[in-house]
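All remarks here apply to the structure that follows.
Every heavy atom of this structure was used, including side-chain atoms; hydrogens, water molecules and symmetry mates were not. Counting convention: from 1, in listed order, for ligands and their atoms alike. For reference, positions follow the sequence shown, starting with 1. The structure displayed is predicted, hence computed values, not measured ones.
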Amino acid sequence: MKVEIEKLISHLKTQGFVFQGSEIYGGLANSWDYGPLGAEVKNKLKKLWWDFFVRRNEYNVGLDSSIILNSKVWQASGHLGNFNDPLIDCKKCKSRFRADKLIEEKFTEMNVGGWTNQEIEEFIKEKSINCPKCDANDFTNIRQFTLMFKTNQGVVEDEASTVYLRPETAQGIFVQYKNSQRALRKKLPFGIGQIGKSFRNEITPGNFIFRTREFEQMELEFFFSPNDSNDWFEYWLEKVKFFLEKVVLIDQQNYSIREHDKEELAHYAKRTVDIEFDFPFGRGELWGIAHRSDFDLNQHQSHSGQDLTYLDPETNEKYLANVIEPSVGVERLLLAIFCQSYVEEQLENGERIVMKLPYKLAPYSVAIMPLQKQQKEKANELYKEILLDFDATFDETGNIGKRYRRQDAIGTPYCVTVDFDTENDNCVTVRNRDTMEQERIEIIKLKEYLLTKLI
Ligand code: GAP
């Protein structure tokens, strides 16, 4: 997979997938909007996740919780006290950096996740890491900076009205765990999945849609008995790998699995694995899978005073459930899929750019086109019929070669052309995006043909 990120960004913009946020006002740093085609792909991706992890999983149910929660939730979860980044300022040019990233960007094989601020400061001095902006070697000490976005609820702006935008969707699940379990009469093990926006005031956002301040997460919290002997971590790790390889067709060669060592593990986590993708700018976390023990339920139980234990109907024991959490960012997964799909191909008659998106994620499954003006009416009739069963588009401008290129560039798997012979033989020409091979198909068999090809 070789893709230059600048070329990809430019392609996604011109084709209507991703635009710079607030562009006509000069933009807003690090904000991106999803254009007509990007919104389609994003919605399809979320639906695939929801179907796989929620609707068609024997254990799980879904939830849609609020973005703004009672601030006590964030005290209990630890976010108000601990959700910080270590910041360091260059004394000469006054630029501000994440101290851990200063090291990791210079020594790309290193991961300083479990280090103390003192260890980071000492390493920066010892290795004489310079300011990436002005090259000076004169930094302040590290200060912690909260990632939580703060606002006020109601008309009075004071301490009591302070609320926060959620930095993860997970806590909304934990606080509705008991309600969901009771209402649905769920027995352990069971999971609750959720898709929604999260907000983090990231200090060093960047790399296009890889790290943004506003993003969407798809998270599953899977609750199980501490006495359960099944290895649910392995179970969910396998499910995530299956989803990546078989559902959204991520090539096994483009991702790797990194186990957190003891130093890097969060204090509550029993095990954490990061699935990392080889992005054009380097390897980066795509999907995290964590064993969160009973930490979150325990915290919410003690802060809320509510009983969050589960009464096991078989053993009559009461206990707090343990949790496995697979968590992925929608846009990060989308970026991985875009990077893998963007292909520049040399053909005999020039070059083409193809978005080899998985068929299920292509904005349109099929494009209907008249070869010439004379076939417009017939093609339009067919388009309206096809629209009843498929995500279709109608393309009539430019010569047929140009139209094929245009559909290749947005990833449409099949182009269907109504031509001079259609009137006589009731057949159309169907062209495949990847092989560019063309077949003559009877119109009455077109739906069946597309259904078998588009799975
Ligand atoms: N509830 C656990 C949790 O939020 P995380 O590792 O902080 O864990 C999970 O985030 C996933 O969310 C990451 O693997 C990544 O895919 C995505 N993510 C996190 N921060 C992000 C950001 N600033 N921009 C885009 N995606 C982000």
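Remark: minimum distance from atom 9 (C) of ligand 1 to any protein heavy atom is reached at S327 OG, 3.0 Å. The protein atom (non-hydrogen) at minimum distance from atom 24 (N) of ligand 1 is T212 N, 3.0 Å. Distance from atom 10 (O) of ligand 1 to its nearest protein heavy atom, with residue and atom name: Q217 NE2, 3.4 Å. With respect to atom 26 (N) of ligand 1, the closest heavy atom belonging to the protein is F215 CD1, 3.5 Å.
The contact set between ligand 1 and F210, taken as ligand atoms under 4.0 Å from a residue heavy atom, comprises 24 (N), 25 (C), 26 (N). In the vicinity of E285, heavy-atom distances shorter than 4.0 Å reach the ligand 1 atoms 6 (O), 13 (C), 14 (O).
The two atoms that bring E202 and D85 nearest to each other are OE1-OD2, 4.2 Å, heavy atoms only.
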Sequence neighbours excluded and cut-off under 3.5 Å, please list the side-chain donor-acceptor pairs for residues 235-245, or say none.
from, atom 1, to, atom 2, distance (Å)
E238, OE2, K241, NZ, 3.2
E245, OE2, Y255, OH, 2.4

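Among the atoms of L286, some N or O lies under 3.5 angstrom from an N or O of ligand 1. Taking any N or O of R211, backbone or side chain, none lies under 3.5 Å from an N or O belonging to ligand 1. In terms of polar-atom proximity, A170 is not counted as a contact of ligand 1, lacking any N or O under 3.5 Å from an N or O of the ligand.
A side-chain hydrogen bond (donor to acceptor under 3.5 Å, both in side chains) with E216 is found for exactly one of K42, K197, R332, namely K42. For the side-chain contact (heavy atoms from CB on, under 4.5 Å) criterion with F149, the lone passing option out of R200, R166, R213, E214 is R213.
Among E216, R166, E202, E325, the residue whose heavy atom sits closest to atom 2 (C) of ligand 1 is E325. Looking at E168, R200, E219, it is R200 that brings a heavy atom closest to atom 5 (P) of ligand 1.
Between Y310 and Y319, the ring planes lie tilted relative to each other; the angle falls in the 30° to 60° range.
For the pair V330 and F215, the minimum side-chain heavy-atom distance is 4.5 Å or more.
Applying the side-chain contact (heavy atoms from CB on, under 4.5 Å) criterion to S77, with sequence neighbours excluded, gives W74, H79, Q171.
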Working note: H11 + F338, criterion ring-ring contact (aromatic ring centres under 6.0 Å, His included); need CA distance, chi angles, decisive distance, verdict.
CA-CA 10 Å; H11 182 76; F338 282 151; 9.3 Å; no
